[in-house]
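Take a look at the structure set out below.
Letters go in sequence order (proteins before strands), and every chain restarts at 1.
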Number of protein chains: 2
Amino acid sequence: MATGMLNSNDERILGALAASDRPLSAYDILEQVRSGGLKAPVQVYRSLAKLQRQGLVHRIEALNAFIRCCQADHGGHRPGFVVCRDCGRVREFEDQRMAAIAESAAGSDFDIERISVEVLGHCGRCRGAAASL
Amino acid sequence: MATGMLNSNDERILGALAASDRPLSAYDILEQVRSGGLKAPVQVYRSLAKLQRQGLVHRIEALNAFIRCCQADHGGHRPGFVVCRDCGRVREFEDQRMAAIAESAAGSDFDIERISVEVLGHCGRCRGAAASL
DNA sequence: GGTGTAATGTTATATGGTTACATGCGGCGT
DNA sequence: ACGCCGCATGTAACCATATAACATTACACC
Ligand SMILES: [Zn+2]
Ligand SMILES: [Zn+2]
Ligand SMILES: [Zn+2]
Ligand SMILES: [Zn+2]
């Protein structure tokens, strides 16, 4: 995974994601990098696609949003995510058992490209806040 | 899970989903039920939300689309999906191990509402078609 | 310099989802 | 019956997400 081929757009987008403590939508990102010359959605999506290919960024399907990968090994891991539907915060996790489950479910005739595992719910922080209303 | 409270809109939408061999987007559904009186997206989304609450319909996050649940027990099951990114066909599956994985990943402080597991890739049928080009 | 090819930029458009408000319709107290 | 409330449904307008189509630039190769 050559991470050295990032251009300045990619770097800026990666920076915006790294600076945020929660996922950003493509349009959130676009806003943050407008000053850096990017001005159209498609540019952001192109960079995001590249960053995802390199394992530096993950897409959270349930949020239509993106996070910077927080694992040391960006290449080839199969992460899952715990997503709070109140505050949007995401925790990346890894579980070897998922691959086996996916393979047995898909069958030998199916070529697995990606496994999306998202645990949706409410984090402790938000549950506390709700209780104290 | 009282499934008897479906109104005619709900029935129509459920019918459209049941008749299709692959997921339908909300707008696909809308097109199919226009003759039945529905004419705005929000009506479709309202019905879909209700049908999802009752477990009759599942949302496929990676496709922004919906399928009719094919399991006998519509209530309270935690399905996963195998999704072909070429033809869009989906196979619903169930695996008890997923709940355990989700719980251990989320931790005791997190209130799990839903688990989304989607295995994305290419089905045998589509791989065959691609090979014969 | 001319030519082909890939990356990037620009504009416009397609697709997916929600907000805000109007209207209808059944309870329920009077 | 009447007026009022609360909730389901209808309608229009709008916002958010993603891609298509085409123009331009950058650079390798000859
Ligand atoms: Zn990661
Ligand atoms: Zn939270
Ligand atoms: Zn199901
Ligand atoms: Zn297929």
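- In summary, contact between chain B and DNA chain C, defined as any nucleotide atom under 4.0 Å from a heavy atom of the protein, begins and ends at C:dG16 to C:dT19 in the 5' to 3' direction.
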| request: Starting at the 5' end of nucleotides 14-20 of chain D, put B wherever the base has a protein heavy atom under 4.0 Å, S where only the sugar-phosphate does, and a dash everywhere else. | output: ---BBBB
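- Between the side chains of A:Asn9 and A:Arg46, no donor-acceptor pair is found at a separation under 3.5 Å.
- Linking ILVMFWY residues whenever their side-chain heavy atoms come closer than 4.5 Å, directly or via other members, places B:Met98 and A:Phe110 in the same cluster.
- The number of heavy atoms from other shown groups lying within 6.0 Å of CZ (A:Arg85) does not exceed 12.
- Donor-acceptor pairing under 3.5 Å is recorded for the side chains of A:Glu92 and A:His58.
- Per the geometry, CZ belonging to A:Arg46 stands 15 Å off P belonging to D:dT24, to the nearest Å.
- Side chains of A:Asn64 and A:Ser25: no donor on one and acceptor on the other come within 3.5 Å.
- Distances shorter than 4.0 Å separate some side-chain N or O of B:Gln43 from OP1 or OP2 on D:dG10.
- Residues passing the salt bridge (Lys or Arg N to Asp or Glu O under 4.0 Å) test with B:Arg22: none are found, sequence neighbours excluded.
- Salt-bridge check for B:Glu61 with B:Arg114: passed, with a basic side-chain N closer than 4.0 Å to an acidic carboxylate O.
- Residues A:Ile60 and B:Leu63 do not share a hydrophobic cluster, clusters being chains of Ile/Leu/Val/Met/Phe/Trp/Tyr side chains in contact below 4.5 Å.
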